[in-house]
Amino acid sequence: MILLDYHNVVIEETLTQPIVNVIPTALDMIVVDFDSVSYHISTSESTSVIKFSISMQCYKELVQWGAQDMLQREYGPYCVSNTEEGYDFTLEFNLQNLPEDKEQREGLVKKLALIKRNLLAQPFERAFEQQAKFEEEKQTNPVSDLMQIHYRDQEAIYIQAQLDRVTVIFSTLFKEETDRLFGKVFLQEFVDARRRPNLQNAPQVLYSSKEPPLEIRHLPELKNANKNEDIGYVTFGDVREKTISQIQLFRDYLHYHIKCSKAYMHSRMRARVQAFLKVLNRAKPELPNVEKKTITLVILYI
């Protein structure tokens with residue numbers, strides 16, 4: 001099993017030489033991350049100014065939950081108003097105005113590699129703050145925001161703070177019948193995990209197909225969702241702040257396991273076909289090895 005990094009390794013490796021080592025480098029590359037997030041890294045003619053642009057499908061929704069404040073707080077000195085065309089926002093780095101301390105430059109590159117994670121973390125952090133407030137004030141029936149993040153095509157994350165927990169719901173859409181069957185098996189294992197004695201303290205996980213959970217059933221876009229058998233819903237309860245980075249990779253890991261399972265099944269099927277072919281070859285009757293003799297014509301002259 002592979003372990004996915006929270007940060008983008010390609011961005012970190014690309015920006016290490018020009019920013020950490022302060023070496024002007026000509027750059028013009030587009031990097032595509034999970035969930036169709038794209039980055040454009042480019043330099044000016046003098047290669048001393050680096051532009052870093054990002055495009056996210058759910059960026060406008062994240063702005064509602066504090067993404068703009070986070071960008072100003074973490075990347076404020078490098079934010080520019082002239083956003084590159086086709087992207088949601090742009091950062092600009094002048095190699096002559098970077099921090100003198102090398103560790104600070106390394107930290108800057110690390111923050112750039114984590115920019116998608118930091119953006120998606122904003123609704124989670126907001127939900128944790130609301131939940132802490134509800135618990136402190138001991139509100140009986142708290143009313144909190146239901147934050148919707150449409151981060152994939154026809155898929156979304158729903159986050160809501162409650163009195164004693166933060167609930168996170170993933171809507172999943174499997175277009176292929178095989179993917180839907182494998183995904184249902186994997187997601188059902190999440191539900192049954194708490195039945196094991198050593199996993200009884202694990203967060204509660206619920207899975208339902210077709211019909212949305214009660215927390216989001218009132219949304220207009222989901223009123224007819226129960227008619228689509230391809231859509232499933234995974235609910236995580238009692239999510240802690242330290243798991244924000246991990247839960248963002250939930251959909252990617254699910255997709256990865258489905259692909260690995262299909263590859264494993266195909267390899268088993270090929271091995272079984274080869275075994276059957278060997279059996280058939282052994283079942284063929286062997287032809288008797290009969291020595292063939294030719295007729296010799298002898299002519300006698302008298």
Side-chain angles (χ1 to χ4, degrees), residues 4 6-7 33-35 37 54 56-75 88-89 111 114-152 154-173 187 190-191 193-194 201-208 211-222 225 231-254:
L4 300 177
Y6 306 141
H7 65 284
D33 204 344
F34 297 112
D35 310 326
V37 179
I54 183 173
M56 296 181 68
Q57 181 174 326
C58 58
Y59 178 75
K60 293 182 179 179
E61 294 175 324
L62 294 173
V63 170
Q64 302 177 15
W65 315 118
Q68 200 67 40
D69 297 335
M70 184 278 298
L71 291 173
Q72 291 294 332
R73 182 177 67 250
E74 299 292 335
Y75 311 94
D88 295 309
F89 70 90
K111 286 197 299 185
L114 285 168
I115 192 167
K116 188 193 77 168
R117 181 268 172 201
N118 293 338
L119 286 168
L120 287 174
Q122 297 314 298
F124 290 92
E125 294 180 357
R126 184 185 181 94
F128 283 121
E129 293 175 359
Q130 291 180 346
Q131 191 273 331
K133 183 178 179 181
F134 295 155
E135 191 173 10
E136 182 181 357
E137 297 177 356
K138 297 181 180 180
Q139 300 185 23
T140 54
N141 294 315
V143 178
S144 61
D145 300 322
L146 177 60
M147 292 169 277
Q148 307 175 45
I149 310 298
H150 295 83
Y151 70 118
R152 284 173 176 257
Q154 302 181 19
E155 294 189 24
I157 305 175
Y158 304 91
I159 308 167
Q160 188 174 36
Q162 298 178 354
L163 179 61
D164 58 344
R165 71 189 65 190
V166 172
T167 300
V168 181
I169 302 173
F170 283 83
S171 67
T172 58
L173 175 65
L187 296 174
F190 279 95
V191 178
R194 297 188 71 182
N201 293 328
Q204 183 183 17
V205 180
L206 303 176
Y207 172 67
S208 61
E211 188 171 351
L214 291 173
E215 292 87 349
I216 61 175
R217 197 172 298 175
H218 64 281
L219 297 176
E221 62 185 80
L222 299 179
I231 300 178
Y233 300 91
V234 190
T235 305
F236 295 88
D238 197 23
V239 180
R240 301 296 180 184
E241 186 173 3
K242 64 181 181 181
T243 62
I244 290 178
S245 300
Q246 297 173 345
I247 203 169
Q248 288 183 18
L249 296 174
F250 163 74
R251 186 63 178 82
D252 300 324
Y253 271 115
L254 179 62

task: Before giving the answer on side chain to side chain contact (heavy atoms under 4.5 Å, CB included), spell out for Thr235 and Ser208 the whole-Å C-alpha distance, their side-chain angles and the decisive distance to 0.1 Å.
output: CA-CA 9 Å; Thr235 305; Ser208 61; 6.0 Å; no

message: Under the rule for salt bridge (Lys or Arg N to Asp or Glu O under 4.0 Å), what residues qualify as partners of Asp35, not counting sequence neighbours?
response: Lys116, Arg152

Can you list everything that forms a side-chain hydrogen bond (donor to acceptor under 3.5 Å, both in side chains) with [X]? Sequence neighbours excluded, please.
X: Asn118; value: Tyr75
X: Glu135; value: Gln131
X: Glu155; value: Arg251
X: Tyr151; value: none

Nearest 0.5 Å, what's the [atom1]-[atom2] distance between [X] and [Y]?
X: Leu119; Y: Leu71; atom1: CG; atom2: CG; answer: 5.0 Å
X: Phe250; Y: Leu187; atom1: CZ; atom2: CG; answer: 5.0 Å
X: Ile149; Y: Gln57; atom1: CD1; atom2: CD; answer: 11.5 Å
X: Leu214; Y: Ile169; atom1: CG; atom2: CD1; answer: 9.0 Å
X: Lys111; Y: Glu74; atom1: NZ; atom2: CD; answer: 5.0 Å
X: Gln122; Y: Glu61; atom1: CD; atom2: CD; answer: 14.5 Å

message: Name the residue from Phe128, Phe124, Phe236 that meets the side chain to side chain contact (heavy atoms under 4.5 Å, CB included) definition with Ile159.
response: Phe124

- prompt: Knowing that exactly one of Leu206, Thr172, Ile216 qualifies, which makes a side chain to side chain contact (heavy atoms under 4.5 Å, CB included) with Tyr233?
  reply: Ile216

- request: Applying ring-ring contact (aromatic ring centres under 6.0 Å, His included), name anything that partners Tyr207, two or more places apart in sequence or on another chain.
  value: none

- request: Please report the C-alpha distance between Leu146 and Leu219 in whole Å, then the side-chain angles of each, then the deciding distance to 0.1 Å, and finally whether the side chain to side chain contact (heavy atoms under 4.5 Å, CB included) criterion is met.
  value: CA-CA 10 Å; Leu146 177 60; Leu219 297 176; 4.0 Å; yes

- request: Inspect the surroundings of CD in Glu136 and state if more than 12 heavy atoms from other residues, nucleotides or ligands are less than 6.0 Å away.
  value: no

query: Do other residues, nucleotides or ligands put more than 12 heavy atoms under 6.0 Å from Lys60 NZ?
result: no

Which heavy atom in [X] sits nearest to a heavy atom in [Y], and how many Å separate them?
X: His150; Y: Ala156; result: CD2-CB, 3.6 Å
X: Ala161; Y: Ser144; result: O-OG, 2.5 Å
X: Pro123; Y: Met147; result: O-CE, 3.3 Å
X: Arg117; Y: Ser245; result: NE-OG, 2.8 Å

- prompt: Are any non-hydrogen side-chain atoms of Ile157 and Gln248 less than 4.5 angstrom apart?
  reply: no

message: Would you say that Tyr59 contacts Ile54 through its side chain, given a criterion of any heavy-atom pair below 4.5 Å between the two side chains?
response: no

- request: Output, in order, the C-alpha distance, side-chain angles, deciding distance and verdict of side chain to side chain contact (heavy atoms under 4.5 Å, CB included) for Met70 and Leu62.
  value: CA-CA 10 Å; Met70 184 278 298; Leu62 294 173; over 6 Å; no

task: Could you walk me through whether Phe89 and Ile115 pass the side chain to side chain contact (heavy atoms under 4.5 Å, CB included) test, one step at a time?
output: CA-CA 12 Å; Phe89 70 90; Ile115 192 167; 3.5 Å; yes

